[in-house]
Protein chains: 2
Amino acid sequence: MSRPTKQSPERGNARIRLLESARDIVRAKGFAATTVDDLCRSADVTKGAFFHHFESKDALGVAAAEFWTEKTSAFFAAAPYHDLADPLERVLGYVAFRKAIIEGDLAAFTCLVGTMAQEVYASSQGIREACGRSIFGHAETLEADIEAARRERGITGDWTAQSLARHTQAILQGGFVLAKAGNDPALAREALDHLARYIRQLFHVTEETIA
Amino acid sequence: MSRPTKQSPERGNARIRLLESARDIVRAKGFAATTVDDLCRSADVTKGAFFHHFESKDALGVAAAEFWTEKTSAFFAAAPYHDLADPLERVLGYVAFRKAIIEGDLAAFTCLVGTMAQEVYASSQGIREACGRSIFGHAETLEADIEAARRERGITGDWTAQSLARHTQAILQGGFVLAKAGNDPALAREALDHLARYIRQLFHVTEETIA
DNA sequence: TCAGAAACATACCATACGGTCGGTATGAGT
DNA sequence: ACTCATACCGACCGTATGGTATGTTTCTGA
């Protein structure tokens, strides 16, 4: 990839600007309704540049999902709840953190890969798989803390850390759908309140006994 | 609406056939990717008929959401869990029923209005509102049983029947998203297992004490 | 029986869409 | 200085798309 020039300081960023535009526009309009021209206009690049970087619109979709995975991984890896000493507190800290970042414009906090998976699961295998890797990969990052909390506290229910980790993602995705349908971010936050209550019950703790 | 004729026994059904096609195709491909021609081909009607019944593709979307509301309302109203005497058993029966009907093809059991809302929430207010009415209207049908169970059992948590009713829908929608992303209906069923466990915990019952 | 409306059908249109192609500009290596 | 690869440009293409205009058939109600 080439560096910026005196004349065009943006040169070399076209691919990333396209991915950023996709992240924003697809979350607002959906993948199918987002046109290549939309993306080019938003990213301020030409169609030639688009198809230089991406073989097809579908390939852009896959790349956007992977770009999303990268960015969100880094974002959550740097989040403060990891600093908590108690694994259960980290799990509940994750849920609280997810709730805290739900505010403002729907397209700004909802999930790109959830939106895309819902839309193209049957028509584009590549995109669906990339979305699946993103969601389930993220879920996996929660498993260790859940399992540690479980062992540490001697919890023996008929559920697994993997299953609960996935469930957190189901509730997030479902909360986003309801927030969109009701045009109200509070609906997504409400879902996370129930999730936190569920987790506390699974671990026999209350809001008073644990943050 | 006109009746069938000897020559064309299907006459008079075009509107409904279009709505049924929309229900099936939109769930598989999404709203934007579903073309008017797709619908006409599937419903075996001409474009003229389509635009005779629907002012625009958007209007079809609204009508499809309302059609979905009608059909699902009747479907769930006739479901067997209503016959149970205990309100909490009816609530858990609902969850079990929702789980039982999740099988086979993803497009066959996932939710039309959830899919559409996720996709068009920002671009088509009419469709979004129709989807919202469908989801939250369905949630409302659960409130009475939840509230009755709560009173009957003297449960006093910091949650409302309305909120829990909505949460069931969030988990369903989220389960569908995960099932699509992972291409596995079991992921949606797993989410409902967690929901049933959550509800039992809220009401201090176990699988042994209540069906 | 006949007028009017509703339920379709057919041909057509303007445009938007994903994608292509030949070209230029820039930077890295030698 | 020259070559090569990569980044990017912008005009162009074929087709798919939502929508329309103008018919024809069928039912209803007076």
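So that the names make sense, note that chain A is the first sequence line, chain B the second, and so on, each numbered from 1. Everything numeric in this text was worked out from a predicted model, so none of it was measured.
Defined by atom type and a distance below 3.5 Å, a donor-acceptor pair is present between the side-chain atoms of B:Ser163 and A:His194.
Atom CZ of A:Phe54 is separated from atom P of C:dT20 by 15 Å (rounded to the nearest Å). The distance from atom CZ of A:Arg17 to atom C1' of D:dA7 is 11 Å, rounded to the nearest whole Å. Between A:Arg15 atom CZ and D:dC9 atom C1' there is a gap of 19 Å when expressed in whole angstrom units. Taking atom CG of B:Asn13 as the reference point, atom C1' of D:dT26 lies 14 Å away to the nearest angstrom. One interatomic measurement links the two molecules: NZ of B:Lys29 to C1' of D:dT17, which rounds to 12 Å at whole-angstrom precision.
B:Asp38 is linked by a salt bridge (Lys or Arg N to Asp or Glu O under 4.0 Å) to B:Lys29, B:Arg41, counting only residues two or more places apart in sequence or in another chain. Listed by chain and number, the residues in a salt bridge (Lys or Arg N to Asp or Glu O under 4.0 Å) with B:Glu70 amount to none (sequence neighbours excluded). Considering only residues two or more places apart in sequence or on other chains, A:Phe54 meets the ring-ring contact (aromatic ring centres under 6.0 Å, His included) condition with A:Phe50.
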List, with names and distances, any nitrogen or oxygen atoms from the protein found under 3.5 Å away from nitrogen or oxygen atoms belonging to nucleotides 14-16 of chain D.
none

Identify all pairs in which a protein N or O lies below 3.5 Å from an N or O of nucleotides 19-23 of chain D, and state each distance.
unit_1 : atom_1 : unit_2  : atom_2 : d
D:dG19 : OP2    : B:Lys57 : N      : 2.9
D:dG19 : N7     : B:Lys47 : NZ     : 3.4
D:dG19 : O6     : B:Lys47 : NZ     : 3.0

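Under a cut-off of 6.0 angstrom, the local environment of CG in A:Asp44 is sparse, with at most 12 non-hydrogen atoms contributed by other residues, nucleotides or ligands.
With ring centers used as reference points, B:Phe203 lies under 6.0 Å from B:Trp159.
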I'd like a table of donor-acceptor pairs (distance under 3.5 Å, sequence neighbours excluded) in which one partner is a side-chain atom from residues 75-87 of chain B, with atom names and distances.
unit_1  : atom_1 : unit_2   : atom_2 : d
B:His82 : NE2    : B:Phe76  : O      : 2.8
B:Asp86 : OD1    : B:Leu88  : N      : 3.3
B:Asp86 : OD2    : B:Arg153 : NH2    : 2.5

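OP1 or OP2 of D:dT6 has not a single side-chain nitrogen or oxygen of A:His52 nearer than 4.0 Å.
A cation-pi contact, defined as under 6.0 Å to the ring centre and within 45° of the axis, links A:Lys57 to A:Phe31.
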